[in-house]
Protein chains: 2
Amino acid sequence: MSDSDHGRRTIRDVAKAAGVSISTASNALNGTGRTNAETREKVKRIADELGFRPNALARGLLMKRSHAIGMLTNDTYGRLTLPMAAGVSEILVDHGVSLFLCATNNDPRLAKLHLDALLDRQVDGIIFTATRIDLEPPPELLKLRVPVIYAFAQGPADSVSFHPDDAQGARVAVQHLQSIGRTRIVHITGEENYLAARIRAHAYEDLVGPSGQVMFGEWSEEWGHSAIDEIYSQSGPKPDAIFCGSDEIARGVIDALRDRGISIPDDVAVVGFDNWEVVSKQTRPPLTTIDMQLKEIGHRAGLAILGLSRQEKLEPGIVRLPCSIFKRNSA
Amino acid sequence: MSDSDHGRRTIRDVAKAAGVSISTASNALNGTGRTNAETREKVKRIADELGFRPNALARGLLMKRSHAIGMLTNDTYGRLTLPMAAGVSEILVDHGVSLFLCATNNDPRLAKLHLDALLDRQVDGIIFTATRIDLEPPPELLKLRVPVIYAFAQGPADSVSFHPDDAQGARVAVQHLQSIGRTRIVHITGEENYLAARIRAHAYEDLVGPSGQVMFGEWSEEWGHSAIDEIYSQSGPKPDAIFCGSDEIARGVIDALRDRGISIPDDVAVVGFDNWEVVSKQTRPPLTTIDMQLKEIGHRAGLAILGLSRQEKLEPGIVRLPCSIFKRNSA
DNA sequence: TACAGAAGCTAAAAGGTTTTATCAGAAAGT
DNA sequence: ACTTTCTGATAAAACCTTTTAGCTTCTGTA
């Protein structure tokens, strides 16, 4: 109806319609300053009727808090990133904070471009995620004036990181196998140069003692398959349980065992790692596996960056969040 | 050194350091207005030295273009969304546009919350994505003053959508099988109430004629398995090729065929749909499959929203982007 | 000499909000 | 009757940038 019919209504419109000044309108809506209860209600009602919503750009410009954070990831495929991003976003949306997603594709030029764009947008913080916990972040991240949190990635000494508790996850897996009476447990896992693989292997060794056997290889189904071939081509006692470093490896293991007519879980129990449903639900039998609770990592990282952006102090270091076991039928 | 040592340098700082007014600094940096070449270079050099970068909030507030767009998705798991999001982000970052990611988790309350937040942030456009092309978007999307693009999702009649060309993808698959001499091709696919499944089935039927056989079921490996059981428990001629509606189904099919000692691709050739590498690389033999080019869909959607945000007119309708065949060893 | 036109620069407004300082008026205390 | 205190409301500054309109100064032409 009025001249400002297109576009959004501004606080001016509210103030004019309520017959008060802009400052009074602002105070009434935000509960700041001194306002008569009656006018406060009136302003609120009119703002509601007009469908007024404050312009986040103007607000951010003034308050020097944009209520937006950025997430930098090198994972294009999304297996790890999206659950975490969803967790972050889920937590933050209730606090009125939005999430910029930046896929760097492992390209330093792109990373720099994204980082600059985030800073130009005055983000309140940045979450850096990677596809492995021991990947170095881009050096530009180190000396920023905005807080940075590392999720599923390694930060510098004085930073805050959130990782899955790989050691605890491995222990849960092994202890479950022991609790169902298994004594000859073999660990088939991925590349030894992955920190996560080494941590899990150590935790496994601590529990099974010197009788244990760790087989490093690749993060692939094929490796699970050929690892079984290797075990059964040798003489000596055979395992009664296998703890795998990933669901994909577990799938290869299960297929290889079935090919040999070995019954799962009766003859050999199998536990995986990831709870990546497209794999773990589809093995025969369905896979008992360790869930890294990626969404929860996202939650915690989101809360942490929220705290930091409010100047709260956070204890630096690596926070390891517990994994949980998801029992299906393979163990 | 100066009083504004913390925080970012503003255009004020640049102007002062260069001994010119703010307007001249702005004009010099943006190449607008009339500026002496000499002063222009000087301002640029000083801006560079100072590490000046314009505040995107202030700029957006004034120009009424935030150079940010939002992406609304209901897919928490990320299989489809993240490749598309990466495609969008990849295209837009070079145009200085950033991407807000909003995971709605299929919760209307959350969708509304995210949508409001995006509008408050003055986004230049919104991309709506879903996990299936025939999912209705939230009704609030229909009457916005910002442009909306639908990617892998259904929009209203006058909107612009980008879908994979399911019919063409199915044709490529069937024609490949025919070109290697297969004549008895069966189509095993997912739920009939998925539009994509019906489109592909029709395209298949058009090519193979009345001798064809379409088996609808679930989008699972198990269904692929039991479909093969069904085929081989009946009498009559057996297929020499199978076109599957998803890689997961194809995996079940391959496993079931191998269990029966049927050689792939010699006796029966198999083609999948998705090129979801975690599955298609790992089958034995590796799977020949149809790739929906999700990243390309993201590219196109990104470019489209960029155009719309610049007031360019776009032909409404569904743009179907070609799928490609990725040949491995199963066909 | 006078004047048109252009070149180069700048003051000021605009964008939408929050916050500070101020002001008018009423109630309360002396 | 006069000051003090309090309440409720507001004008104006601030945030940082772009853009409009205007102001000098200079060059060239009549």
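Below, chains carry the letters A, B, ... as their sequence lines are ordered, and counting in each starts from 1. The basis for the numbers below is simple: all heavy atoms, side chains too, and nothing from hydrogens, waters or symmetry mates.
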Chemist: Checking salt bridge (Lys or Arg N to Asp or Glu O under 4.0 Å) for the pair A:E38/A:K42: CA distance, chi angles, key distance, verdict?
Modeler: CA-CA 6 Å; A:E38 206 172 316; A:K42 183 179 179 191; over 6 Å; no

Chemist: Walk along nucleotides 18-23 of chain D from 5' to 3' and tag each nucleotide B, S or - by protein heavy-atom contact under 4.0 Å, base first, then sugar-phosphate.
Modeler: BB--B-

Chemist: Provide, to the nearest angstrom, the distance between the CD atom belonging to A:Q122 and the P atom belonging to D:dC16.
Modeler: 8 Å

Chemist: Between P on C:dT18 and CG on B:L57, what's the gap in Å once rounded to a whole number?
Modeler: 14 Å

Chemist: Which residue lies toward the 5' end of DNA chain C, B:K64 or B:G19, if each is placed at its nearest nucleotide?
Modeler: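 Residue closer to the 5' terminus by nearest nucleotide: B:G19.
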
Chemist: Assess the side chains of A:S309 and A:R65: does a donor N or O sit below 3.5 Å from an acceptor N or O?
Modeler: yes

Chemist: Tell me the side-chain hydrogen bond (donor to acceptor under 3.5 Å, both in side chains) pairs involving residues 148-164 of chain A, sequence neighbours left out?
Modeler: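 Residue pairs passing side-chain hydrogen bond (donor to acceptor under 3.5 Å, both in side chains), neighbours aside: none found.
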
Chemist: Between B:T32 and B:N27, does any side-chain donor sit less than 3.5 Å from a side-chain acceptor?
Modeler: yes

Chemist: So with a 6.0 Å cut-off around CZ of B:R12, is the heavy-atom count from everything else above 12?
Modeler: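 No, CZ of B:R12 has 12 or fewer neighbouring heavy atoms, counting only those of other groups under 6.0 Å.
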
Chemist: Between atom CZ in A:R65 and atom C1' in C:dT17, what is the gap in whole Å?
Modeler: 16 Å

Chemist: Can you tell me the distance, in whole Å, between the CG atom of A:L29 and the P atom of D:dT10?
Modeler: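 Going from CG in A:L29 over to P in D:dT10 covers 14 Å.
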
Chemist: Would a line drawn from the ring center of B:F100 to the ring center of A:F100 be shorter than 6.0 Å?
Modeler: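 Between A:F100 and B:F100, which both carry aromatic rings, the centre distance is below 6.0 Å.
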
Chemist: Should B:T10 be listed as having a side-chain N or O under 4.0 Å from OP1 or OP2 of D:dC15?
Modeler: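 For D:dC15, neither OP1 nor OP2 has a side-chain N or O of B:T10 closer than 4.0 Å.
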
Chemist: Nearest whole Å is fine: how far is C:dG16 C1' from B:D120 CG?
Modeler: 13 Å

Chemist: Send over the distance from A:R12 CZ to C:dG16 C1', rounded to a whole Å.
Modeler: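 One finds 8 Å between C1' of C:dG16 and CZ of A:R12, rounded.
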
Chemist: Specify the separation, in whole Å, of atom CG of B:N36 and atom C1' of D:dC26.
Modeler: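 These atoms are roughly 13 Å apart.
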
Chemist: Could you check how far CZ of A:R121 sits from C1' of D:dC16, rounded to whole Å?
Modeler: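 Between C1' of D:dC16 and CZ of A:R121: 15 Å.
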
